[in-house]
Amino acid sequence: MKKLVALTLASLMLLAGCSSTPKNDGNEATPTPEAAATEADVIVVGAGGAGMTAAIEAVNAGKSVIVIEKAAMTGGNTTRSTGGMNAANTPEQDLIEFAEEAGVEKMLASAKENYPDLAELTATVEKQYEEYKANPTGYFDTEELFMLDTLVGGKNLNDHALVEVLANEAKNGIEWLKTIDANLSQVGSFGGASVKRIHKPVNDEGKTVAVGSYLVPKLTKAAEDKGVQFVMETAATELVVTDGKVTGVKAGDTTYTGKAVILATGGFAANTEMVLKYKPSYEGFVCTNAPGMTGDGIVMATAIGADTVDMEQIQIHPTVSQETSALITEGLRGDGAILVNSEGKRFFDEVGTRDAVSAAEVAQPGGFAWLIVDNKMVEASSVIAGYIKQGLTVEGADVEALAAAMGVDGAALVETMDKWNACVEAGKDEEFGRTSFANKLDEGPYYAIKVAPGVHHTMGGLKINTNTEVLDASGNVIPGLYAAGEVTGGVHGANRLGGNAVADIIVFGRIAGQQAAAYAN
């Protein structure tokens, strides 16, 4: 009997350049009998966040669903997600104080200067902001500002229609998650966002927890409870096409037949050969992905004529432990952590976009940085406590002791920390233009994690429309074929903002499930 289990951060990294990730306990195995049926209304390929979300919505629409997953566990790359989900104009945001004026103004200035094609959207956001300042009720964030941040962050390479859906539907996704007992109640800052927009889960003690290991068991349970049938340890290899319509999937010696198929197989960052085909300069980089992220859905769909977009747009994440390939969450920087180089000095705006921070990091002596947090941050986050337990940190009772543990000049690090704390107190970073400050780093013991960039997310993939229908090279819909999540391209453009991946899988996973169910009628 095969088993369905919620994937945890103990998953093994893949192949050359990917080592194992330290374990993060908490998800329990849930035995499930091997699938007896090979036919359902909707066949979903991939049991990650997008696939399970789609499956749940298809069942909610009254359809039978089979999910095929090549791993022994559910979760895929979603389990590796440590941050949260971006959403604008939510009730959770209105519970916090708006103090991000500098972030909004910086984004508006950047959009005006660098992206004249976004002039209409920029003007809309500027008008909304002026109206808010005249009557500052609640927290300021809008779907249009969410769009602007995403398009500027993606260098305006994004598909605007998909970004509009992402921004408009994310808040509904936050509410939908509550129906499966998933509450992303904490709101914070993340790289590339001009305001506090990322929604994160907390545990019973009120400490921040990793969003992936929080969501996956809840999605798994909800899908099981609704009667979704999982076929685990079974790799789909080919789409079945009948009379021009996708009607099933071949996996091993078995054909799974349905009225619609949803591809939710993730990206291809764990496929070294495929990554280097599009980005030869990434030779030797570690990767943060789950082993199954090898581009299977893209290969199957293009074999029947599906089009792709932005395949060369592959993101490196600036804070990855090179020894373990463990992703160090961007949430630490959003909550107040800083990056320093081997000389003990800050060198960039830590909450800039991932591509920009990564490039600045590579340019430092040795091509690495140290991420620094203090005891206050540790006590507020079980995620940081996990890094300490896993042995990823060095520690010092005070800043000079931390410098010694890091092997950097003590006087230089003390000066850096004093300057940073002065920036927090003033609410202004004259040197690097950071606009997100949180609290001072002034309570020992202090901790630092050595980080450098690693391959993290593939923004390119299958070309879809706003109904998640997969398109062919002529722009025509391939009947019966849908896709959601990292297997698709167009949403993130040239650079994905932290927090937008979870929004992507929930928003477009829901749409894929709904649309496939409607097609199956």
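Just so you know, these numbers use all the heavy atoms, side chains as well, and skip hydrogens, waters and symmetry mates.
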S.K.: From Y519 OH over to L481 CG, what is the distance, rounded to the nearest 0.5 angstrom?
M.R.: 10.0 Å
S.K.: Just jot down the ring pair (Phe, Tyr, Trp, His ring centres under 6.0 Å) partners of Y282, sequence neighbours excluded, or say none.
M.R.: F285
S.K.: S321 and side-chain contact (heavy atoms from CB on, under 4.5 Å): which partner among V451, L327, L392?
M.R.: L392
S.K.: Do E92 and I174 come within less than 4.5 Å of each other through their side chains, counting heavy atoms only?
M.R.: yes
S.K.: Is it true that the NZ or CZ of K112 lies under 6.0 Å from the centre of Y115's six-membered ring and within 45 degrees of the ring axis?
M.R.: no
S.K.: I'd like to check the ring pair (Phe, Tyr, Trp, His ring centres under 6.0 Å) partners of F348; sequence neighbours left out, ordered by chain and number.
M.R.: none
S.K.: With sequence neighbours left out, write down each residue that passes side chain to side chain contact (heavy atoms under 4.5 Å, CB included) with I506, or none if nothing qualifies.
M.R.: T53, M85, W176, L177, V502, R510
S.K.: Looking only at atom types and distance, does a side-chain atom of K70 sit under 3.5 Å from a main-chain N or O of G292, one as donor and one as acceptor?
M.R.: yes
S.K.: Enumerate the salt bridge (charged side-chain N to carboxylate O under 4.0 Å, His left out) contacts for residues 325-337, please, sequence neighbours excluded, ordered by first and then second residue.
M.R.: K200-D335, E330-R333, E330-R354
S.K.: Is E425 salt-bridged to K440, cutoff N-O under 4.0 Å?
M.R.: yes
S.K.: Any non-hydrogen side-chain atom of V195 less than 4.5 Å from a side-chain atom of F98?
M.R.: yes
S.K.: Counting N and O atoms only, with roles assigned by atom type, does the side chain of T90 sit under 3.5 Å from a partner on the main chain of A87, one being a donor and the other an acceptor?
M.R.: no
S.K.: If you compare all heavy atoms of G153 against all heavy atoms of T353, which two are closest, and at what distance to 0.1 Å?
M.R.: CA-CG2, 4.1 Å
S.K.: Hey, does Y482 have a side-chain heavy atom less than 4.5 Å from the side chain of V261?
M.R.: no
S.K.: Taking salt bridge (Lys or Arg N to Asp or Glu O under 4.0 Å) as the test, write out the residues that go with D117, two or more places apart.
M.R.: none
S.K.: Would you find more than 12 non-hydrogen atoms of other residues, nucleotides or ligands less than 6.0 Å from K463 atom NZ?
M.R.: no
S.K.: The criterion is ring pair (Phe, Tyr, Trp, His ring centres under 6.0 Å); which residues satisfy it with H199, sequence neighbours excluded?
M.R.: none
S.K.: So which heavy atom on N86 is nearest to which on A503, and how close?
M.R.: O-CB, 3.5 Å
S.K.: Before giving the answer on side-chain contact (heavy atoms from CB on, under 4.5 Å), spell out for F437 and V351 the whole-Å C-alpha distance, their side-chain angles and the decisive distance to 0.1 Å.
M.R.: CA-CA 10 Å; F437 300 102; V351 290; over 6 Å; no
S.K.: F347: which residues meet the ring pair (Phe, Tyr, Trp, His ring centres under 6.0 Å) condition with it, sequence neighbours left out?
M.R.: none
S.K.: Taking side chain to side chain contact (heavy atoms under 4.5 Å, CB included) as the test, write out the residues that go with N465, two or more places apart.
M.R.: N467, E469, L471, V477
S.K.: Considering only NZ, NE, NH1 and NH2 on the basic side and carboxylate oxygens on the acidic side, decide whether R346 and D429 come within less than 4.0 Å.
M.R.: yes
S.K.: Determine whether V67 and V65 satisfy the following criterion, side-chain contact (heavy atoms from CB on, under 4.5 Å), listing intermediate values before the conclusion.
M.R.: CA-CA 7 Å; V67 175; V65 178; 4.1 Å; yes
S.K.: Quick one: pull up CG in N500 and CD1 in I505 and give me the separation to the nearest 0.5 Å.
M.R.: 11.5 Å
S.K.: Could you give the distance from CD1 (I384) to CD1 (I449), rounded to the nearest 0.5 Å?
M.R.: 7.5 Å
S.K.: Rounded to the nearest 0.5 Å, how far apart are CZ of F432 and CH2 of W420?
M.R.: 10.5 Å
S.K.: Please report the C-alpha distance between T142 and Q128 in whole Å, then the side-chain angles of each, then the deciding distance to 0.1 Å, and finally whether the side-chain hydrogen bond (donor to acceptor under 3.5 Å, both in side chains) criterion is met.
M.R.: CA-CA 8 Å; T142 68; Q128 291 170 336; 2.8 Å; yes
S.K.: Please name the pair of heavy atoms, one in A484 and one in V487, separated by the smallest distance, quoted to 0.1 Å.
M.R.: O-CG1, 3.5 Å
S.K.: Do the non-hydrogen side-chain atoms of H457 and H317 ever get within less than 4.5 Å of each other?
M.R.: no
S.K.: Using a 3.5 Å distance criterion without hydrogens, assess whether the side chain of D310 forms a donor-acceptor pair with backbone atoms of Q313.
M.R.: no
S.K.: Start with the C-alpha distance between E361 and L339, add both sets of side-chain angles, then the distance that settles side-chain contact (heavy atoms from CB on, under 4.5 Å), and finish with yes or no.
M.R.: CA-CA 9 Å; E361 201 170 71; L339 290 169; 4.1 Å; yes
S.K.: Do any pairs count as a salt bridge (charged side-chain N to carboxylate O under 4.0 Å, His left out) and have a residue in residues 368-387, sequence neighbours left out, and if so which ones?
M.R.: D374-K376, K376-D442
S.K.: Salt-bridged, E130 to K127, with N to O below 4.0 Å?
M.R.: no
S.K.: Starting from the C-alpha separation in whole Å, work towards a yes-or-no answer on side-chain hydrogen bond (donor to acceptor under 3.5 Å, both in side chains) for T329 and T82.
M.R.: CA-CA 6 Å; T329 177; T82 53; 3.3 Å; yes
S.K.: What's the shortest heavy-atom distance between F146 and D141, and which atoms?
M.R.: N-OD1, 4.3 Å
S.K.: Measure the shortest side-chain to side-chain distance between V152 and L118 over non-hydrogen atoms and say whether it is less than 4.5 angstrom.
M.R.: yes
S.K.: Would you check if I372 and Y447 make a side-chain contact, meaning some heavy-atom pair closer than 4.5 Å?
M.R.: no
S.K.: Is it true that atom NZ of K279 has more than 12 heavy atoms of other residues, nucleotides or ligands lying nearer than 6.0 Å?
M.R.: yes
S.K.: How would you list all residue pairs meeting salt bridge (charged side-chain N to carboxylate O under 4.0 Å, His left out) that involve residues 146-156, not counting sequence neighbours?
M.R.: D149-R197, K155-D355
S.K.: Counting heavy atoms not belonging to K428, are there more than 12 under 6.0 Å from its NZ?
M.R.: no
S.K.: Evaluate the criterion side-chain contact (heavy atoms from CB on, under 4.5 Å) for residue pair S189 and I198; output intermediate values, then yes/no.
M.R.: CA-CA 6 Å; S189 299; I198 193 162; over 6 Å; no
S.K.: Specify the closest pair of heavy atoms between L148 and V125, including all atoms of both residues, with the distance to one decimal.
M.R.: CD2-CG2, 4.3 Å
S.K.: Distance from C287 atom SG to I316 atom CD1, nearest 0.5 Å?
M.R.: 13.0 Å
S.K.: If you draw the axis of the six-membered ring of F368, does the NZ or CZ of K450 fall within 45° of it and under 6.0 Å from the ring centre?
M.R.: yes
S.K.: Please confirm whether the backbone N or O of H492 pairs with a side-chain atom of N158, one donor and one acceptor, at under 3.5 Å?
M.R.: yes
S.K.: Quick check against the 3.5 Å criterion: does N203 have a side-chain atom that pairs as donor or acceptor with the backbone of K207?
M.R.: yes
S.K.: Could you tell me which non-hydrogen atom of I511 sits nearest to which non-hydrogen atom of T466, and how far apart they are?
M.R.: CG2-O, 3.8 Å
S.K.: Below 3.5 Å, can you tabulate the donor-acceptor pairs from side chains in residues 101-109 to any protein atom, sequence neighbours excluded?
M.R.:
| residue | atom | partner | partner atom | Å |
| --- | --- | --- | --- | --- |
| K106 | NZ | D349 | OD2 | 3.2 |
| K106 | NZ | G433 | O | 2.8 |

S.K.: Output yes when a side-chain donor or acceptor of Q364 lies under 3.5 Å from a complementary backbone atom of A369, and no otherwise.
M.R.: no
S.K.: Output the distance between atom CD (E175) and atom CG (N183), rounded to the nearest 0.5 Å.
M.R.: 9.0 Å
S.K.: Please list, chain by chain and in numerical order, all residues satisfying side chain to side chain contact (heavy atoms under 4.5 Å, CB included) with A223, sequence neighbours excluded.
M.R.: I56, V228, F230
